[in-house]
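The structure appears below as structure tokens.
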Amino acid sequence: MTPAALVDRQGITCTAIRDLLVDYLTERAVDVDYTTLEDMARTLAGLFWRDLEKHHPGIDSLRLDADTVTAWRERVRMVRDRHDTPIRPRVNSHTVFGWVRTFYQDLARWAADEPTRWGPWVAPCPVRHSDTDHSKNRARRKAAMDQRTRTLLPALPALVKAVECQLKDAQTCLATGRETPAGAPFTTPAGETLLRRAGVSSRIYADAPAAGRRRDLTVKEERAFWARAIVEVLRHTGIRIEEALELTHHSFVAYQLPTTGEIVPMLQVAPSKLDQERLLLVSPELGEVLTAIIHRVRRGQQAMPLVSAYDSLERLWSAPMPFLFQRRCGPEDRAIPRNYIYTCLNDALAASGLTGPGNRQLRYTPHDFRRIFVTDALRSGLPPHIAARICGHRMVDTTLGYAAIYPEDVINHHRSFIARRRALRPGEEYREPTTQEWQDFLAHFELRKVALGVCARDFGTPCVHEHACVRCPVLRPDPEQMPRLEEIHANLLDRLQEAKEQGWLGEVAAIEASLAAAEQKLAAMRDLAARHTTVHLGMPDLRGVVARIDSEQRNEDAKGQS
């Protein structure tokens, strides 16, 4: 809808004010998305001016007296029904006051440049600065979100196992139902007896005599797959839900080191909220999930289907692209919308039976995984500025606001980092890297191999565990090195026994910490060995480009030496 249509649906009587609001929203439309523009029109035309016209018929000026302003403030602070009866306090009243205050201030600023157009409407602002202050609401919301994260974080491993088991059971049930003749009974992995329904549909239906309902086994398997896919993608990357739904086949790229030939898979996250794209390192678990998504969407075809996605914020359709999150709907392929993701998550949580305080069913939203990702990363020792870059935050304070931990240690750690950086960093912050700096960057990836696996430490960051890889949370263990770690574990047990016999209490505490970390790494190795197989990642290859760039660099160096 155009700004004029957005204003006209509020039914404003005064033509001059209506035209002013249309002109104002037209000017602001280039700076905001459609959802924000719609909210501004509803606030300024409906909650502000139309409300004034209802209670003060004939009003035609933005210059309001004190009694009118006071009465309007009291009305805005309450949500009212169609009979103008207060129902409950308005949660976002500060947002309404903020839009009105911005409206008056914009008119005053614009009048300096265009006095003929905006000058006649300049008037004292009826909203005080204190009316827009929502620090208490922000603090209460932060406390509630932190408590929610502390509740959901310990249950995340159980949720991951639950969605994996649900997917396996749904796939087994669908395969059994497909092989069962029409009208014949078969048993599900849960021990329930179902009857295969007859029909020529591509979907597999079954009747549950005990419940007296028909079940669509195809839909159940599809929802279980996408529930596991979205859980794994969000918990391993911490990206926003709109960024996840905008991932395409081209987002999954491989970078091969020119010296060792090691393939480093990367995930390119397209610009979303802040128009800032970023590259994330793909872990083996995430690569396995992305490969399964690509294999499912392709359905044996050589190329990914091209579909258009609808942006609910801008109310626009995208160009046809090979989106990863797409599914078959009847005769066509469609991009998966956000409400389908919520449906899959809610179905998976209802089937898992996970409960929280008060024996209530846990409920995860896509943004909960982002808060959990940040909280877990900072607890594991990741510097806040690195976490901010991974999450796409412009300010570290935003990242700290996501973390549900006591912020004293985090803030002190970050302040000490800033102090060291200001003392050691040269004046020029952004410049082209030299040949030696580029070689050092490549050498960082070449030296990632350690005895127990691969070190995922970011480039330019020191080892906070002083190369005690058994304790390091960023070590990606290699299942083939399980005998070596079992030997280390046995050696730690012997050292612990000796330390207890000799009374070395400090050594006992250190060995117990290493022992707990070794047991955790052993469990991770066994899990990886049981789940992972060699698969083709199906990623676009950049080896030719890297080889060409490396060859050009060597030629330039040779010319410079000659």
Side-chain angles (χ1 to χ4, degrees), residues 158-233 249 288-307 322-337 339-354 361 527 529-536 538:
L159 174 63
V160 173
K161 292 184 178 180
V163 294
E164 290 180 354
C165 293
Q166 291 172 19
L167 178 58
K168 292 179 181 179
D169 293 345
Q171 291 175 340
T172 303
C173 186
L174 179 61
T176 305
R178 184 176 286 112
E179 297 172 356
T180 303
F186 64 94
T187 304
T188 65
E192 186 179 7
T193 301
L194 301 178
L195 296 177
R196 168 69 188 277
R197 286 178 65 96
V200 294
S201 173
S202 59
R203 297 180 180 272
I204 305 300
Y205 295 95
D207 292 327
R213 298 179 58 186
R214 184 187 71 171
R215 296 184 181 177
D216 191 336
L217 303 183
T218 306
V219 170
K220 184 177 180 181
E221 186 274 340
E222 186 177 32
R223 290 184 178 179
F225 175 84
W226 289 116
R228 178 178 180 268
I230 198 65
V231 168
E232 292 293 327
V233 170
H249 192 204
E288 179 185 359
V289 174
L290 295 177
T291 303
I293 294 176
I294 294 173
H295 178 74
R296 183 184 186 91
V297 174
R298 275 180 171 175
R299 300 190 307 277
Q301 302 176 5
Q302 185 176 3
M304 296 273 290
L306 301 180
V307 297
F323 289 106
L324 295 183
F325 284 87
Q326 59 172 286
R327 65 190 185 98
R328 192 74 175 175
C329 296
E332 62 180 357
D333 297 296
R334 295 181 183 177
I336 293 179
N339 58 352
Y340 184 80
I341 296 298
Y342 279 92
T343 300
C344 295
L345 280 178
N346 293 336
D347 290 348
L349 288 168
S352 66
L354 296 176
Q361 177 183 326
D527 184 56
R531 293 169 48 193
H532 288 170
T533 57
T534 302
V535 294
H536 175 61

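Model, not experiment: these values are computed from the prediction. If you read the sequence from its start, that first residue is 1, and numbering goes on from there. Atoms considered below: every heavy atom in the structure, side chains included; atoms not considered: hydrogens, waters and symmetry mates.
Counting all heavy atoms, side chain and backbone alike, Glu192 lies closest to Ala208 at OE2-CB, 3.8 Å. Here the closest heavy-atom approach between residue Ala206 and residue Phe186 is recorded as CB-CZ, 4.0 Å. Contact detail for Ala227 and Cys344: the closest heavy-atom pair is CB-O, 3.7 Å. Heavy atoms only, all atoms of each residue included: Gly177 and Leu217 are closest at CA-CD1, 4.5 Å. Taking both residues in full, the closest heavy atoms of Leu195 and Gly183 are given as CD2-O, 4.3 Å, listed atom of the first, atom of the second, then distance.
Distance CD/Gln171 to CG/Leu174: 8.5 Å, rounded to 0.5 Å. The distance from the CG atom of Leu354 to the NZ atom of Lys161 is 12.0 Å, given to the nearest 0.5 Å. Between the CD1 atom in Ile293 and the NE2 atom in His249 there is a gap of 11.5 Å [rounded to 0.5 Å]. In this structure, the separation between SG on Cys329 and CD on Glu222 is 7.0 Å, given to the nearest 0.5 Å. Taken to the nearest 0.5 Å, the CG atom of Asp216 stands 7.0 Å off from the CZ atom of Arg214. With rounding to the nearest 0.5 Å, the separation of CG in Leu167 from CD in Glu221 is 6.5 Å.
With hydrogens and angles ignored, the 3.5 Å screen pairs no side-chain donor or acceptor of Arg228 with any backbone N or O of Glu164. Between the side chain of Gln326 and the backbone N or O of Val297, no donor-acceptor pair lies under 3.5 Å. In this structure a side-chain-to-backbone donor-acceptor pair under 3.5 Å is missing from Thr180 to Ala184.
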Check your understanding: Could you walk me through whether Thr188 and Thr176 pass the side chain to side chain contact (heavy atoms under 4.5 Å, CB included) check?
Key -> CA-CA 8 Å; Thr188 65; Thr176 305; over 6 Å; no
Practice item. Evaluate the side chain to side chain contact (heavy atoms under 4.5 Å, CB included) criterion for residues Val307 and Glu332: first the C-alpha distance (whole Å), next the side-chain angles of each, then the deciding distance (0.1 Å), finally the verdict. Key: CA-CA 9 Å; Val307 297; Glu332 62 180 357; over 6 Å; no
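At a threshold of 4.5 Å between non-hydrogen side-chain atoms, the residues Phe323 and Ile336 do not count as touching. Taking the side chain as every heavy atom from C-beta outward, Leu290 and Val233 approach each other to under 4.5 Å. Using a 4.5 Å cut-off on side-chain heavy atoms (C-beta onward), Arg223 and Tyr340 make contact.
A salt bridge links Asp333 to Arg328: at least one charged side-chain nitrogen sits closer than 4.0 Å to a carboxylate oxygen.
Cation-pi contact between Arg327 and Phe225: absent, since separation from the ring centre below 6.0 Å together with deviation from the ring axis within 45° is not met.
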